[in-house]
Amino acid sequence: MSVVTRFAPSPTGMLHIGGVRTALYSWLYARRHGGRFILRVEDTDLERSTPEAVQVILEGMAWLGLDHDDGPYYQTKRFDRYKEVIAGLLAQGQAYHCYCSKEELDAMRAAQMARKEKPRYDGRCRHRTVAPPAGVQPVVRFRNPLDGEVVVEDRVHGAVRFANAELDDLIIARSDGSPTYNFCVVVDDMDMGVTHVIRGDDHLNNTPRQINMLRALGATPPVYAHASMILGPDGTKLSKRHGAVSVLAYEEQGYLPDALLNYLVRLGWSHGDQEVFTRAEMIEHFDIDRIGKSASAFNPEKLLWLNQQHMMRADVRDLATRLQVYLKRIGVDAPNDARLSAVVEAQRERSKTLVEMAKNSRFFFRENVEMDPAAAAKHLTPEARAMLQEFSASLNDLTDWTRAQIHDALTAFATVRGLGLGKVAQPLRVAVSGSTVSPPIDQTLELLGRDATLARIAAVTA
RNA sequence: GCUCCCUUCGUCUAGAGGCCCAGGACAUGGCCCUCUCAAGGCCAGUACACGGGUUCGAAUCCCGUAGGGAGCGCCA
């Protein structure tokens, strides 16, 4: 049987990392087994769904490279189908009209709570003998089995049993006729041939109801896998303060999609001691049976570390193309050429994000350096300036402007002067980059080029 | 309140009865390397929630307790 998975976000808020992780798991599972991955937008809540949120979901998935084979489907475009299924259920007596008012239901729930019972619909409209009240548009409820139990054979939690007596007759169509979430999910998963449902464990309690409806419709329930929740760094529920922002915020902050995916796949899943995974390795090794049961806290430091690891291993040309965009955002126009790639190679192991890399690389491309006053005060003393002026003559005499020649000239100069390398390198670094931090000085000068180097030394020694 | 789920270092996790007085990774501290910052290498500290069983032997199995979470909507 070929695998079909799906990601079914509702466009009522942001696509955040919790959603991304279940999307990732579903995508990986489909890719691993050569199956299909469906994207389905669950927008039945007309009140809260927005086109902007749909757009964010689509852009986020595209940025992450979680491509779908089917869809995006929109539940709002399938209302005719849902109505058809509801009519069938009604005809077979598996669903019924309920005329209870909201006030009546509220009173019922309040009474149950007072008796320390679980609030649930008591089924009073199941066998309505009196005529329905005039002018009331009824809702449609699913007739849930009264006894027995439903066993959810969950791939991460094992067999989870629910007594049917705990489940009530849920509403599948509102009084305006629109279908509700739990029902749409069931019809869609059935119609779309979904074989594996991987989602957050906040849905575990919905699963027995869905299974009952699937059975009533004569369908075979899919395999379920409920992954745990992602918590904020402080162990409490994820909020906007930590990670519950759009995934696109991670793009803005300079993360690589593969790094974010790598971080997320390891949150609640493992493959031995391996920490760093390429996209191909994730696909090769991902398995539902290795998903953990307990919730995990989001750790920004580890994400940062992984991002750097991925930058250190990424394809240089690809990184250069990305860096160009980030440079542009801070007002630097850099051609995507061999030199930009060389800058990437020099900076990748000393940057945690592309934003940081762009910031630390702008001095390579700007006309004038932005001098850090503290660095200048400390390293560009009158003696240092005099020394740099002398050293610039050596640089001017180099036959080839290569890292090796620059390095030799620097050590020769330092040796003759009886100075440590750092005594020459630091003032030089400040003069050409404006700060005390840069790639190795010989590499920095090579990348900068002879003209710019000499001009910048001249600018501080004049 | 009721139902369901979860519980190994600060954090992510390894561990499927003896290989574990618990391994790896992030973070932290120290050392090495070193022209800066990094990267890299080495070292250190810190965990089986608690209590009972079962067993020759339990982080691993069973039962309780505690703590945390989810669901209980004409929301998804």
Side-chain angles (χ1 to χ4, degrees), chain A residues 8-13 42-45 47-49 75 98 100 102 105-106 109 112-121 137-141 152 154 157 160-163 165-168 170-176 178 180-182 184-185 200-208 226 228-229 231 233 235-237 263 266-276 292-306 308-309 312 347-352 360 375 379 407 410-411 414 420-430 433 435-442 444:
Chain A
S10 67
T12 53
E42 311 217 317
D43 53 355
T44 54
D45 184 349
E47 307 277 303
R48 297 194 300 150
S49 297
Q75 292 186 324
C98 168
C100 297
K102 286 182 185 173
L105 296 175
D106 286 345
R109 274 190 279 269
Q112 287 164 332
M113 291 287 261
R115 272 178 273 138
K116 296 185 193 289
E117 285 172 14
K118 179 180 187 168
R120 41 141 105 73
Y121 183 64
Q137 287 300 313
V139 299
V140 179
R141 287 185 185 271
V152 179
D154 191 273
H157 292 281
V160 183
R161 329 181 85 90
F162 295 85
E166 290 294 333
L167 277 20
D168 63 0
L170 74 158
I171 291 171
I172 59 178
R174 304 180 179 94
S175 45
D176 66 2
S178 63
T180 59
Y181 165 79
N182 273 108
C184 296
V185 167
D201 66 9
D202 47 340
H203 288 290
L204 187 52
N205 288 298
N206 287 330
T207 310
H226 288 93
S228 59
M229 304 273 84
L231 275 20
T236 63
K237 194 173 175 179
Y263 177 71
R266 280 283 290 101
L267 217 49
W269 176 84
S270 64
H271 178 68
D273 286 337
Q274 188 170 349
E275 297 286 352
V276 182
K293 298 177 179 182
S294 52
S296 28
F298 180 75
N299 184 332
E301 271 93 32
K302 192 155 183 177
L303 206 211
L304 233 23
W305 174 77
L306 265 176
Q308 180 167 36
Q309 293 295 316
M312 282 162 53
Q347 298 282 218
R348 68 203 309 195
E349 70 183 30
R350 63 197 92 241
S351 312
K352 296 209 182 290
N360 293 338
H379 295 284
H407 187 262
L410 188 68
T411 38
L421 216 48
K423 290 285 186 227
V424 185
Q426 270 314 78
L428 192 50
R429 171 171 283 117
V430 172
S433 77
S435 90
T436 56
V437 176
S438 87
I441 194 65
D442 47 2
T444 299

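What you see is a predicted model; the values in this text were computed from it and never measured. In what follows, every chain begins at residue 1, and chains take the letters A, B, ... in the order their sequences are listed.
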For [N], which nucleotide is its Watson-Crick or G-U wobble mate, given both distances must be under 3.5 Å?
N: B:rC2; value: B:rG71
N: B:rG40; value: B:rC32
N: B:rG18; value: B:rC56
N: B:rU7; value: B:rA66

Send over the distance from [X] [atom1] to [N] [atom2], rounded to a whole Å.
X: A:H226; N: B:rG69; atom1: NE2; atom2: C1'; value: 15 Å
X: A:F298; N: B:rG69; atom1: CZ; atom2: C1'; value: 20 Å
X: A:N360; N: B:rU36; atom1: CG; atom2: P; value: 17 Å
X: A:D168; N: B:rC74; atom1: CG; atom2: P; value: 9 Å
X: A:L167; N: B:rC72; atom1: CG; atom2: P; value: 12 Å
X: A:E349; N: B:rC33; atom1: CD; atom2: P; value: 18 Å
X: A:D202; N: B:rC72; atom1: CG; atom2: C1'; value: 14 Å
X: A:I172; N: B:rA76; atom1: CD1; atom2: P; value: 13 Å

Nucleotide nearest [X] when distance is taken to its side chain, options [options]:
X: A:L267; options: B:rC74, B:rC12, B:rC37; answer: B:rC12
X: A:K237; options: B:rA70, B:rA76, B:rU11; answer: B:rA70
X: A:T436; options: B:rA76, B:rC74, B:rU36; answer: B:rU36
X: A:D45; options: B:rU36, B:rA76, B:rA39; answer: B:rA76

Worksheet, complete the sentence: Its contact letters, B for base, S for sugar-phosphate only and - for none at protein heavy atoms under 4.0 Å, make nucleotides 24-32 of chain B read BBSS-----
Worksheet item: What one-letter contact string describes nucleotides 43-48 of chain B from 5' to 3', where B marks a base within less than 4.0 Å of any protein heavy atom, S marks contact via sugar-phosphate atoms alone, and - marks no contact?
Response: ------
Item to complete: Ignoring hydrogens and angles, tell me if any N or O in the side chain of A:Q308 forms a donor-acceptor pair with the backbone of A:E349 under 3.5 Å.
Response: yes
Fill in: Whether A:Y263 side chain and A:N299 backbone form a donor-acceptor pair below 3.5 Å
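Yes; at least one donor-acceptor contact below 3.5 Å.
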Item to complete: Go through the side-chain N and O atoms of A:N182 and A:T180 and say whether any donor and acceptor fall under 3.5 Å apart.
Response: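 There is no such pair between these side chains.
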When you measure from the side-chain N and O atoms of [X] to the phosphate of [N], is any distance below 4.0 Å, counting only OP1 and OP2?
X: A:S270; N: B:rC12; result: no
X: A:R109; N: B:rG73; result: yes
X: A:Q308; N: B:rA39; result: yes
X: A:T180; N: B:rC74; result: no

Taking the [atom1] atom of each, how far is [N] from [M], in whole Å?
N: B:rC48; M: B:rG10; atom1: P; answer: 9 Å
N: B:rG69; M: B:rC12; atom1: P; answer: 15 Å
N: B:rC62; M: B:rA16; atom1: P; answer: 16 Å

Categorize [X] for me: base, sugar-phosphate, or nothing, with a 4.0 angstrom heavy-atom threshold over every strand shown.
X: A:T44; answer: sugar-phosphate
X: A:P208; answer: nothing
X: A:G268; answer: sugar-phosphate
X: A:M312; answer: sugar-phosphate

Identify all side-chain donor-acceptor contacts of residues 422-429 of chain A below 3.5 Å with residues at least two apart in sequence or on another chain.
| residue | atom | partner | partner atom | Å |
| --- | --- | --- | --- | --- |
| A:Q426 | OE1 | A:R429 | NH1 | 2.6 |
| A:Q426 | NE2 | A:T436 | O | 3.4 |
| A:R429 | NE | A:S438 | OG | 2.9 |
| A:R429 | NH2 | A:P439 | O | 3.1 |

Kindly give the heavy-atom pair with the smallest separation between [X] and [Y], and that separation in Å.
X: A:N360; Y: A:Q347; result: O-OE1, 3.1 Å
X: A:R266; Y: A:W269; result: NH1-O, 2.9 Å
X: A:K293; Y: A:S228; result: O-CB, 3.5 Å
X: A:A297; Y: A:P233; result: CB-O, 4.4 Å
X: A:V139; Y: A:S175; result: CG1-N, 3.6 Å
X: A:L105; Y: A:C100; result: CD2-CB, 3.8 Å

Worksheet item: Any donor-acceptor pair under 3.5 Å between the side chain of A:D43 and the base of B:rA76?
Response: no
Fill in: Option passing side chain to side chain donor-acceptor pair (under 3.5 Å) with A:H226 (candidates A:D154, A:N205, A:D201)
A:D154
Worksheet, complete the sentence: RNA chain B nearest-nucleotide lookup for A:A173 and A:G422: closer to the 5′ end is A:G422
Discussion item. Need to verify one output field. Residue with the more 5' nearest nucleotide on RNA chain B, A:V437 or A:S296?
Written reply: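 With A:V437 and A:S296 compared, the 5'-side residue is A:S296.
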Worksheet entry | All salt bridge (Lys or Arg N to Asp or Glu O under 4.0 Å) counterparts of A:E166, not counting sequence neighbours | A:K118, A:R120
Check: protein-nucleotides 2-6 of chain B nitrogen or oxygen pairs below 3.5 Å:
| residue | atom | partner | partner atom | Å |
| --- | --- | --- | --- | --- |
| B:rC5 | O3' | A:H157 | ND1 | 3.0 |
| B:rC6 | OP1 | A:H157 | ND1 | 3.4 |

Under 3.5 Å between N/O atoms: give me all the protein pairs with nucleotides 65-68 of chain B, atom names plus distance.
none

